[in-house]
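Scroll down for the structure; my scribbles are underneath it.
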Amino acid sequence: MALMDAEMADVLDVVLSDLMRTTEVSPEVRDAEWSGIEGQVGAMLWLPDAGGAGIWIMKGSDRTHQVANVADQAQDWVVEALWRAGRSPVWPECPEHPNTHPLRPVEMNRAAQWVCPVSLKAVATIGSLGQRPSP
Ligand SMILES: [Zn+2]
C-alpha cells in the first residue's frame, strides 16, 4: 500500500482532530486514489456502520481552502455516521443555537473557520474545536 499523501494527511489531521475531540466517531482513513483528475489527491473515511466517504484536495492549493473544503466534504458523512450511531446528527453543534443547525466550514479572515450560518459569527478555527481557549 502506498503511503498517504503528506499534504492530504496534514489536512485530514486538522479536520479529524475536531471530529475526535467532539464526538465518538473515529473513522478509519484509507488511502484511496479514486480520483482520476490530475493534481487531485483522494482519500477515504470509513466506518463499518456509515460506509465510506471520498475526500479530495487539489495538491499545492491554498491550505486554508483545503481545510475548509475537506471539512465540508467530511461533514455530510459525519452526520450520517452520528445518525447511525444513534447520536445527534448536528455536527458541529452551534453553541449559540443548540439542536438547531450545524456550524458551517468557511474561509473567513484568511482562516478556515466553523461559522454559525445564522449570525455568521466565527465560533472556532477548524482544528481547534472542543479545545479550551488558551489563557
Ligand atoms: Zn447558530
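Whatever order the structure lists ligands and atoms in, that order sets their numbers, starting from 1.
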Self-check item: Pair Trp46 and Trp77, ring centroids less than 6.0 Å apart
Solution: no
Practice problem: Go through the side-chain N and O atoms of Asn69 and Trp56 and say whether any donor and acceptor fall under 3.5 Å apart. | Solution: no
Exercise. Tally every protein N/O/S atom whose distance to the Zn ion (ligand 1) is less than 2.8 Å; waters are neither shown nor counted.
Key: 4
Practice problem: Under the side-chain contact (heavy atoms from CB on, under 4.5 Å) rule, what do Glu93 and Asn99 come out as? Steps first, then yes or no, please. | Solution: CA-CA 7 Å; Glu93 191 169 45; Asn99 283 314; 3.6 Å; yes
Exercise. Determine the sole option in Ser119, Pro102, Cys116 for which the side-chain contact (heavy atoms from CB on, under 4.5 Å) test with Cys94 is passed.
Key: Cys116
Quiz item: Do the non-hydrogen side-chain atoms of Val90 and Val79 ever get within less than 4.5 Å of each other?
Solution: no
Quiz item: Within a reach of under 6.0 Å around CH2 of Trp83, are more than 12 heavy atoms found that belong to other residues, nucleotides or ligands?
Solution: no
